[in-house]
Protein chains: 2
Amino acid sequence: MRSEKKQGRPRAFDAKTVIGQAREVFWDKGFSAASLDTLSAATKLNRPSLYGAFGDKEELYLDALEDYREDSMDVLSEALDPALPLRDNLASVYATALKIYLHGETAARGCFLISTATAEAIQHARVREVLGRSLNDFDDAIKERMELAVERGELPADADPAILARLASAVMHSLAVRARAGDTRETLEALARSGVDLICGRK
Amino acid sequence: MRSEKKQGRPRAFDAKTVIGQAREVFWDKGFSAASLDTLSAATKLNRPSLYGAFGDKEELYLDALEDYREDSMDVLSEALDPALPLRDNLASVYATALKIYLHGETAARGCFLISTATAEAIQHARVREVLGRSLNDFDDAIKERMELAVERGELPADADPAILARLASAVMHSLAVRARAGDTRETLEALARSGVDLICGRK
DNA sequence: AGATTTTTATGCGAAACGGTATAAAATATG
DNA sequence: CATATTTTATACCGTTTCGCATAAAAATCT
C-alpha cells in the first residue's frame with residue numbers, strides 16, 4: 001500500500017526557496033566565483049543535501065537561471081497588460097526591470113541572466129542555450145503585444161512587430177549592462193524614457 | 001653613466017602581445033574561470049614572469065580590459081569617419097562590432113567587456129569602474145558624431161545627441177549579448193539595420 | 001672581468017576547490 | 001517493533017588554485 005507521502009526522511013527545506021537563495025549568491029559572484037561553501041552557507045544546506053536535491057554546481061546554476069527566466073516572463077506579461085496603452089506598457093517594462101536591476105547590497109546587480117550567464121556561455125553550452133532561449137522568449141512576448149498594437153492602430157500599419165520587439169528588448173539589455181556598470185538611476189531612467197519615445201513615437 | 005637600455009636581463013616577450021594572448025583566454029572563460037596555468041600556457045610565460053610584469057590575476061585582467069577598451073575606441077573612431085554620412089557611420093560601427101563578436105572557436109564571443117566584466121563588476125570595484133568608463137567613453141564618441149550630424153542637418157535640429165548616442169550604444173550592447181547567446185548572424189544584422197533605421201530615420 | 005640588476009625557470013606549499021563515502025537521523029511500510 | 005527508504009551531518013579525498021621562494025641565466029655597469 002502506498003501513501004501519498006513519500007517514504008523516508010522528509011526534506012527539511014523547500015526546493016524553490018533554496019534555488020532563490022542560491023540565485024542571490026550566483027547573482028553577486030557569478031557562476032565560477034561562487035563556491036559550494038558559500039552556496040551551502042547561503043542555503044543552509046550542507047553539500048551532500050545540495051547534491052542530492054539539485055546535482056552539481058552547474059545544474060544548480062541552471063535551475064537558478066530557469067527560475068529567474070520564469071519570474072521574468074511573469075513580470076513581463078504583467079507589465080504588458082493589453083488594457084493599457086502600449087506606451088504605458090513599455091514604460092512599465094523598463095520601470096520594473098530597473099527596480100530589479102538597481103537593487104543590490106554593494107552595487108546594482110543588473111540582470112541575472114545577462115550579467116552572469118554571458119560569461120559562462122562559451123564554455124557551458126547549456127548555459128548558452130538557456131540564455132538564448134530566455135532572450136528569445138522575451139522578444140516573442142513583446143512581439144505579441146506589438147502585433148496587437150498594430151491591429152489596434154497604436155502603431156503604424158507598416159510597422160514590423162518582430163523588429164520593434166527586438167529593439168525594445170535591446171534597450172532593456174542596455175539598461176541591464178549599464179546598471180551593473182554603475183550608471184545612476186537618473187541616467188537609466190532617461191534612457192528608458194527615450195527608448196519608449198523612439199519605439200512608440202514621441203508623445 | 002646610464003645607457004638608454006635598461007640594466008639586467010632583457011625580457012623575452014612583448015608586454016602588449018602577452019596582454020593580447022591573456023585577453024583571448026579571459027574572453028573565452030571569463031575572469032574567474034581562467035586559471036593562471038591556462039594563462040601561463042597561452043602566453044608562454046611562467047607564472048613568476050607574469051607576476052613580475054603584470055601583478056596578480058586581477059591586474060592582468062584589468063590590463064586586458066583597458067587594452068580592449070583602447071582598441072574598441074580606435075575601431076569606433078575609424079567607423080565614425082565624418083567624411084561619410086551618419087547612416088553609413090552607424091552601419092559601419094555595427095558591422096565592425098559584429099565582425100569581432102561573431103568570431104570564436106567554439107561559439108561567438110560577443111563583446112569582451114560586456115560578456116566578462118559584467119560578471120565581476122559587483123565583487124571587483126575596479127572592474128566595474130573600467131566597465132562603466134568604457135561604456136561612457138563609447139557613448140561620448142558617438143555623441144560627438146551626433147552633434148556634428150545635427151549641425152550639418154543630417155539629424156533634425158531638435159534631436160538630442162546625447163540621447164541618440166545612448167540609444168545607438170544600446171543596440172550595440174544588445175548585439176553583444178545576443179551574439180554570445182548564440183543568435184545567428186542574419187538575426188543580428190537585421191537588428192543592426194533596424195537600429196540604424198530607427199536612429200537615422202528610415203531611408 | 002667581476003659586481004649588479006633584472007628576468008627566467010623549477011618547484012614548492014598552504015589553502016580552497018568540487019565532489020563523495022559513511023553513518024546517523026527521521027520518516028513510512030509491513 | 002523491525003525493516004526499508006530517504007535525508008542529513010561529519011568528515012574526508014584528490015585535485016586545482018594562486019602566489020612565492022630560490023636559484024640559474026642574461027644583460028649592463030664599473
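Chain A is the first sequence line, chain B the second, and so forth, proteins listed ahead of strands; every chain is numbered from 1.
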(message) Please report the distance, rounded to the nearest Å, between CG in B:Leu50 and C1' in C:dA9.
(response) 13 Å
(message) Can you measure A:Tyr51 atom OH to C:dA21 atom C1' for me and round it to whole angstrom units?
(response) 14 Å
(request) Mind calculating the distance between CZ (A:Phe54) and P (D:dT7) to the nearest angstrom? (result) 11 Å
(message) Any side-chain N or O of A:Ser49 below 4.0 angstrom from OP1/OP2 of D:dT8?
(response) yes
(request) Determine the contact category for A:Ala53: base if any of its heavy atoms lies under 4.0 Å from a base atom, sugar-phosphate if only primed atoms, P, OP1 or OP2 are that close, otherwise nothing. (result) nothing
(request) May I ask you to decide whether B:Glu120 forms a salt bridge with B:Arg126, counting only side-chain N to carboxylate O separations under 4.0 Å? (result) no
(request) Check whether any side-chain heavy atom of A:Leu65 lies under 4.5 Å from a side-chain heavy atom of A:Phe26, and answer yes or no. (result) no
(message) Without decimals, in angstroms, what is the distance between B:Asp14 CG and C:dT7 P?
(response) 14 Å
(request) Rounded to the nearest angstrom, tell me the gap between atom CG in A:Leu45 and atom C1' in D:dT8. (result) 9 Å
(message) Can a donor-acceptor pair be found, under 3.5 Å and without considering hydrogens, that links the side chain of A:Ser92 to the backbone of A:Asp88?
(response) no
(message) Among residues at least two apart in sequence or on other chains, which ones pass salt bridge (charged side-chain N to carboxylate O under 4.0 Å, His left out) with A:Arg9?
(response) none
(message) Can you confirm whether or not the ring centre of B:Tyr61 sits under 6.0 Å from the ring centre of B:His124?
(response) no
(request) Check whether more than 12 heavy atoms from other residues, nucleotides or ligands sit under 6.0 Å from atom CZ of B:Arg152, and answer yes or no. (result) yes
(request) Measure from CG on A:Asp56 to C1' on C:dC17 and round the result to the nearest Å. (result) 14 Å
Just the atom pairs and distances: protein N or O near nucleotides 10-17 of chain D's N or O, under 3.5 Å.
none

(request) Please state whether the base of C:dT4 and the side chain of B:Gln7 form at least one donor-acceptor pair under 3.5 Å? (result) yes
(request) Nearest whole angstrom, please: distance from the C1' of D:dT6 to the CZ of A:Phe13. (result) 11 Å
(message) Less than 3.5 Å apart, any donor N or O on the side chain of B:Ser49 or B:Asn46 sitting next to an acceptor on the other?
(response) yes
(message) In whole Å, I'd like the distance from the CZ atom of B:Arg9 to the P atom of C:dT6.
(response) 14 Å
